[in-house]
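Structure record follows, encoded as C-alpha cells.
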Amino acid sequence: MSTPSPERHRPRPSASASGGDVTSAGGAGLGAGLWSRNFSLFFAARTVAKLGDLMLPVALAAGLVREGGGAGAVGAAMASFTASFAGLVIFGGVFADRFDTRRLMIGSDLVRVVTQTITALLFITGHVALWGICLIGVINGVCAAMFQPGVASTVPLIARDVQAANAAVRTAESGMAVLGPATAGVLVGLTSAGGVFAVHAGTYLVSALCLVALRLPPGPRPPAVPGGERTAFRADLAEGWREFVARPWMWGVIVIWMVFMGAAWGPSVPLAATEIITEHGERVYGLINSGLGVGMVMGGLLALRIRPVRPLRAGAVALFGFALQPAAIGASLPVAMITGASVVAGAALAFWGVMWATSVQTQVPGAVLNRIHAYEVAGSLVMLPVGQALAGPAAGLFGAQQVLLAGGVVSLAVCGALLSVPAIRRLRRVDAPPDAGGGVAKDPSRDGAWDRPCDERLADS
C-alpha cells in the first residue's frame with residue numbers, strides 16, 4: 001500500500017506576520033503575468049462553454065414546460081445528466097492521469113456538439129420525448145465526466161498564481177451567468193428552446209477549438225510499476241481513493257456538501273424554475289438567474305482581492321448568504337427581492353468556489369490531482385440527482401414553497417457544519433506564514449519563487 005503523497009511540493013513564500021486572518025492583495029500585482037497565450041485560450045474556452053451551460057437551464061425548463069412537463073420532468077432531465085456525471089467522473093480522473101488530458105477534453109466537447117445539435121432539432125421539430133432528453137443528458141454527463149478532471153490539473157500548468165487564475169475564470173463564468181440566462185430567455189421568446197440548444201452546441205465547438213490551440217508543458221504522471229509498465233487501472237483508482245481519504249479537510253467538506261446538494265441545491269433548481277416560470281414567465285426567470293450571475297461576478301472579484309489565511313473558513317462564512325435565495329423564492333417575495341437575494345447567493349457561491357478550488361489545486365500533488373479532483377467532484381455531486389429527482393414528489397407532498405424554505409434552513413446548517421470541523425476551519429493557504437498565530441498572506445505573484453515557468457515549477461514535484 002502506497003503512502004499518501006505529501007501535501008505540498010512548492011516552496012512557501014514568506015509573509016509578514018500581522019496577526020490578521022484575511023488580507024487584501026491590495027494592488028495591481030495580483031495576477032501579474034497571468035494572461036499568457038495558454039491561459040488566454042483556456043480562459044476563452046471556459047468562458048464560452050459556460051455561456052452555453054448557463055443558457056441550458058432556462059431552455060430546458062421552458063422547453064419541457066411548454067411541452068406539458070412540470071417540476072418532475074425538469075428534475076428528471078437535470079438528474080439524468082448529473083447522475084451520469086457524478087457516477088463516472090472518478091473514472092474520468094483516472095483516464096485524465098493516464099492519457100492526454102487535453103485530447104480527452106477536446107473529444108468530450110466534440111461529442112457534446114453533436115448531442116446538443118440533436119436536442120435542438122428535437123425541440124425545433126416538436127418531436128420531444130422525455131426519455132430522449134434524459135438519454136442525451138446521460139451522454140452529456142459521460143462527456144462532462146471525462147472533461148472535468150482535466151480542468152483542475154490544467155490551471156496549475158498554465159498559471160503561476162492559481163488563486164488569481166481561478167478567480168479570473170470564475171468571474172468570467174459568472175459574467176456568463178448574467179448574459180446566459182437573459183439571452184436564453186430572449187431566444188426562447190423569439191424562437192424556441194431549440195434555438196438555445198443550437199447556440200449551446202456552438203459554444204462547445206468554440207471551446208474545443210481553443211483547447212486544440214493549447215500548448216501545455218508535460219504534467220506529472222502516475223508512477224510506473226517495475227519493468228516500465230503503468231499501474232493497473234484499478235490500482236490507480238484505489239490510489240486516488242487513498243489520497244482522498246488521507247485529507248480530512250477534503251472528505252469532511254464533501255460529506256457535508258452531500259447534504260447541501262441533496263436537501264438544498266438539488267431540489268431548489270427545478271422547483272425555482274417551475275415556480276418562477278409558472279408565476280412570472282421565462283423572461284423573469286432569466287432576470288433572476290442573471291441576478292445570480294451578477295452576484296457571482298462580485299464574488300469572483302472579491303476573491304481576486306482577498307487572500308484569506310484560512311480559505312475554507314472564509315468561504316464557509318461567505319456561504320451563509322446562499323440561504324437567502326431559496327428562502328426568498330419559497331416565501332413568494334416580490335421579484336425585486338428575489339433578484340436581490342440571488343445576487344447575494346451568487347456572491348457567496350463564487351467566493352466559496354474560488355477558495356475551494358484553490359485549496360484543492362494547491363494542496364494536492366500534481367501526479368494525483370486529476371483523480372483526487374474526480375473523487376471530490378463525484379462526492380459533492382452524488383446527491384444532486386437525488387435532490388433533483390425528488391423535487392417533484394417532495395413538492396407534491398409538502399408544497400414547493402415549503403421545500404424551498406427547508407432548503408434555506410439546510411443551507412444555514414451546512415455552513416455551520418463546515419465551520420464546526422477543525423480540519424476544515426483551520427486549513428491554511430499554502431503561502432501563509434507557518435506560525436500558528438495567523439499572519440498576512442503574501443501575494444505569490446510578487447515572490448520570485450513563483451515567478452518561474454510552469455514547467456520549472458512542476459519539476460519541483
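Remember, predicted model here, so these are calculated numbers, not experimental data.
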Would you indicate whether the side-chain heavy atoms of [Y] and [X] approach each other to under 4.5 Å?
{"X": "Gln325", "Y": "Ile329", "result": "yes"}
{"X": "Met355", "Y": "Asn166", "result": "no"}
{"X": "Thr171", "Y": "Met298", "result": "no"}
{"X": "Val386", "Y": "Met261", "result": "no"}
{"X": "Cys143", "Y": "Val111", "result": "yes"}
{"X": "Asn140", "Y": "Gln116", "result": "yes"}
{"X": "Val317", "Y": "Cys415", "result": "no"}
{"X": "Val410", "Y": "Val259", "result": "yes"}

Nearest 0.5 Å please: distance from the [atom1] atom of [X] over to the [atom2] atom of [Y].
{"X": "Met176", "Y": "Met296", "atom1": "CE", "atom2": "CE", "result": "12.0 Å"}
{"X": "Met146", "Y": "Asp109", "atom1": "CE", "atom2": "CG", "result": "13.5 Å"}
{"X": "Phe95", "Y": "Leu104", "atom1": "CZ", "atom2": "CG", "result": "8.0 Å"}
{"X": "Phe320", "Y": "Trp352", "atom1": "CZ", "atom2": "CH2", "result": "11.5 Å"}
{"X": "Ser411", "Y": "Leu319", "atom1": "OG", "atom2": "CG", "result": "7.5 Å"}
{"X": "Leu324", "Y": "Met337", "atom1": "CG", "atom2": "CE", "result": "9.5 Å"}

Is Thr47 reaching over with its side chain to a backbone N or O of Ala44, donor-acceptor style, under 3.5 angstrom?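 No, the answer is negative, given that no donor and acceptor are paired below the 3.5 Å cut-off.
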Can a donor-acceptor pair be found, under 3.5 Å and without considering hydrogens, that links the side chain of Arg102 to the backbone of Val212? yes
Worked check of side chain to side chain contact (heavy atoms under 4.5 Å, CB included) between Ile288 and Ser342: CA-CA 7 Å; Ile288 290 172; Ser342 296; 3.4 Å; yes
Parallel, tilted or perpendicular: which fits the ring planes of Phe81 and Phe85, with parallel below 30° and perpendicular above 60°?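 Phe81 vs Phe85 ring planes: parallel.
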Over 60° means perpendicular and under 30° means parallel, so tell me whether Phe322 and Phe260 are parallel, tilted or perpendicular.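 Rings of Phe322 and Phe260: perpendicular, as their planes differ by over 60°.
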Atom of [X], atom of [Y] and distance for their closest heavy-atom approach:
{"X": "His200", "Y": "Thr203", "value": "O-OG1, 2.6 Å"}
{"X": "Ile424", "Y": "Gly252", "value": "CD1-C, 3.7 Å"}
{"X": "Thr117", "Y": "Ala201", "value": "OG1-CB, 3.5 Å"}
{"X": "Val196", "Y": "Ala184", "value": "CG2-O, 3.9 Å"}
{"X": "Phe43", "Y": "Ala168", "value": "CE1-O, 3.4 Å"}
{"X": "Leu271", "Y": "Thr274", "value": "O-OG1, 3.1 Å"}

Under the side chain to side chain contact (heavy atoms under 4.5 Å, CB included) criterion, do Trp249 and Arg425 qualify, and how do the steps go? CA-CA 8 Å; Trp249 61 270; Arg425 185 177 68 248; over 6 Å; no
Is it true that the side chains of [X] and [Y] contain a donor and an acceptor less than 3.5 Å apart?
{"X": "Arg429", "Y": "Gln163", "result": "yes"}
{"X": "Glu376", "Y": "Trp356", "result": "yes"}
{"X": "Asp53", "Y": "Tyr204", "result": "yes"}

Neighbour count above 12 (heavy atom, 6.0 Å) for Arg103 CZ: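 Count not over threshold, so no.
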Cation-pi between Arg371 and Phe91: NZ/CZ under 6.0 Å from ring centre and within 45° of the ring axis? no
Does Phe39 form a side chain to side chain contact (heavy atoms under 4.5 Å, CB included) with Leu157? I'd like the steps, not just the answer. CA-CA 9 Å; Phe39 181 75; Leu157 290 177; over 6 Å; no
Check step by step if side chain to side chain contact (heavy atoms under 4.5 Å, CB included) holds for Glu243 and Val364. CA-CA 9 Å; Glu243 296 283 353; Val364 176; over 6 Å; no
Check: Trp251 ring centre within less than 6.0 Å of Trp241 ring centre: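 Distance test on ring centres: not under 6.0 Å, no.
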